[in-house]
K.L.:
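Let me give you the structure first, and then I'll get to my questions.
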Amino acid sequence: MIFSSKYHNVIKEAKNLVQPALDLSAKMMRDVAENSPQKLRKHFIQTIERPGKRLRSILLFLLASSNGGIKDLERAAKAAASVEMLHLASLIHDDVIDMSEFRRGQNSLHSSFGNKIAVLVGDYMLAQSLIFVLEEDDRRIPQSLANAASSLVAGEILEIDLSGNIDISYEDYIQIVEGKTASLLISCAKSGAILAGYDEKIVEECGNLGLHFGIAFQIIDDILDYGIDAKNLGKKNFKDLQNGLITLPLLLYFQKNPKDEMANLIKNASDPKTANLIVKKLKKANCFEEAKSVAYSHLLKAAKILEKLPPSHINTLLKDFFEAMAERKN
Ligand code: FPP
Ligand code: MG
């Protein structure tokens, strides 16, 4: 309870601090959406208006502010808008791939309007994200975003390749997570550091900070998919299990238990009773707690990197932001 309110307080404080930048980037996305082809416009507008957490933008803005305040609000807002559009595009496509009916508490785009519209809206948002970021003069920013776009696909395809494979290794899992989630957070953190005017060494350190934050973020996401500690998730539980994805809690189970019985249960995970039985077994084997500690260890690594940045209120807030992330419920 205490932790949960800490999470909300920290997010609230962080959002308040960067609100002008968040508002400007929202306006920029809205302008792009308004100018999109007529058939896509309403879907684009609806997508950007769904209340996401915008954690990627917040991380970018906090780092951009961490060296004496945001130097150029317009540049920072543009970089964040590009990140959010790429992220939203990837989620639209991900829902097609995962056959997920819900996103952010509403029907996913493909479940309301079909795959053709969903694929094209996602493609268009990806293209707009790249067009937008090309206006940035420091080439490292578009470069990092384009790298992230490529890694997202690599992570997603590796995940598909390894689905149903109960022999997946921890290294494989981390490779998936780095590709599909951490890559974009690396780009956010580096972009924030570049906009803050840090030297190349610190920019690289911030890339590592994004990497650890991203890994932790996805591990927590994977735990939430089991409904563990989840609240107002806005999407259905057990999608990973139903898609045959062996995420960290299951991987840890397979590392220390006989595999056959669990492998059979996974095959029937679309039955809610079976899914609940899997959760029970994972709980008993302490796999959720262990997965949480792995996430926490990455959050600590991200926080440790902050010691290399100048001490400030923003720096302390970033540290709290990382610590609180372990307690997120949606
Ligand atoms: C959500 O993960 C999915 C991602 C973080 C990345 C998805 C990437 C792609 C579909 C490929 C790249 C697309 C573009 C446009 C470059 P999840 O399924 O674990 O989380 P969820 O429970 O929120 O769906
Ligand atoms: Mg998904």
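Order of listing sets the numbers, starting from 1, for every ligand and every atom in it.
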K.L.:
With no hydrogens and no angle check, just 3.5 Å: does a side-chain donor-acceptor pair link H313 and E13?
P.N.:
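Yes.
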K.L.:
Which bit of M125 is near ligand 1, meaning a heavy atom under 4.0 Å away: side chain, backbone, both or neither?
P.N.:
neither
K.L.:
Can you tell me if K256 has over 12 outside heavy atoms packed within less than 6.0 Å of its NZ?
P.N.:
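Above 12, so yes.
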K.L.:
Mind listing the closest non-hydrogen atom pair of I48 and A33 along with its distance?
P.N.:
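Heavy-atom minimum between the residues: CD1-CB, 3.9 Å.
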K.L.:
Would you say D225 has any N or O atom under 3.5 Å from an N or O of ligand 1, going by distance alone?
P.N.:
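No, since none of the N or O atoms of D225 sits under 3.5 Å from an N or O of ligand 1.
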K.L.:
Report, as yes or no, whether the 6.0 Å neighbourhood of atom NZ on K319 holds more than 12 heavy atoms from other residues, nucleotides or ligands.
P.N.:
no
K.L.:
Which heavy atom of the protein is the closest neighbour of atom 21 (P) of ligand 1, given with residue, atom name and distance?
P.N.:
K235 NZ, 3.4 Å
K.L.:
Does R103 come within less than 4.0 Å of ligand 1, judged by its heavy atoms?
P.N.:
yes
K.L.:
Does atom NZ of K308 have more than 12 heavy-atom neighbours from other groups under 6.0 Å away?
P.N.:
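Result for NZ/K308: open.
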K.L.:
Ligand 1 versus E156, non-hydrogen atoms closer than 4.0 Å: side chain, backbone, both, neither?
P.N.:
side chain
K.L.:
Quick one: look at Q218 and ligand 1, take heavy-atom pairs under 4.0 Å, and tell me if it's side chain, backbone, both or neither.
P.N.:
side chain
K.L.:
So, S108 side chain and S100 main chain: donor-acceptor pair closer than 3.5 Å or not?
P.N.:
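Here the side-chain-to-backbone pair exists.
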K.L.:
Spell out, as yes or no, whether a donor-acceptor pair under 3.5 Å connects the side chain of N67 to the backbone of P310.
P.N.:
no
K.L.:
Judging by distance only, is a nitrogen or oxygen of D94 under 3.5 angstrom from one on ligand 1?
P.N.:
yes
K.L.:
Counting heavy atoms only, which part of D123 comes closer than 4.0 Å to ligand 1: side chain, backbone, both or neither?
P.N.:
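Neither; nothing of D123 gets under 4.0 Å from ligand 1.
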K.L.:
Give the name of the N/O/S atom in D94 that lies closest to the Mg ion (ligand 2).
P.N.:
OD2
K.L.:
Examine the proximity of ligand 1 to D221 and report which part, side chain or backbone, both or neither, has a heavy atom under 4.0 Å away.
P.N.:
side chain
K.L.:
Tell me, which protein residue and heavy-atom name are nearest atom 12 (C) of ligand 1, and how many Å apart are they?
P.N.:
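So the nearest neighbour among protein heavy atoms is V153 CG2, 3.6 Å.
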K.L.:
Give me the residue, atom name and distance of the protein heavy atom closest to atom 10 (C) of ligand 1.
P.N.:
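Nearest neighbour among protein heavy atoms for atom 10 (C) of ligand 1, to 0.1 Å: S90 O, 3.5 Å.
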K.L.:
Between E159 and K180 (salt bridge meaning N to carboxylate O under 4.0 Å), is one present in this structure?
P.N.:
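Salt bridge: yes.
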K.L.:
Nearest N/O/S atom of D98 with respect to the Mg ion (ligand 2), by atom name, please.
P.N.:
OD2
K.L.:
Among side-chain atoms of Q218 and D222, is any donor-acceptor pair under 3.5 angstrom?
P.N.:
yes
K.L.:
List ligand 1 atoms under 4.0 Å from D98, heavy atoms only on the residue side.
P.N.:
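Every atom of ligand 1 under 4.0 Å from some heavy atom of D98: 18 (O), 24 (O).
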K.L.:
Look only at interatomic distance and state if K180 has a nitrogen or oxygen under 3.5 Å from any nitrogen or oxygen of ligand 1.
P.N.:
yes
K.L.:
Any donor-acceptor pair under 3.5 Å linking the side-chain atoms of S111 with those of E101?
P.N.:
no
K.L.:
Numbering the atoms of ligand 1 from 1, which are under 4.0 Å from a heavy atom of H93?
P.N.:
10 (C), 15 (C)
K.L.:
May I ask you to decide if E289's main-chain N or O and S293's side chain share a donor-acceptor pair within less than 3.5 Å?
P.N.:
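Yes; at least one donor-acceptor contact below 3.5 Å.
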K.L.:
How does I97 reach ligand 1, if at all, at less than 4.0 Å between non-hydrogen atoms: by side chain, backbone, both, or neither?
P.N.:
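Within the 4.0 Å criterion, I97 contacts ligand 1 through side-chain atoms alone.
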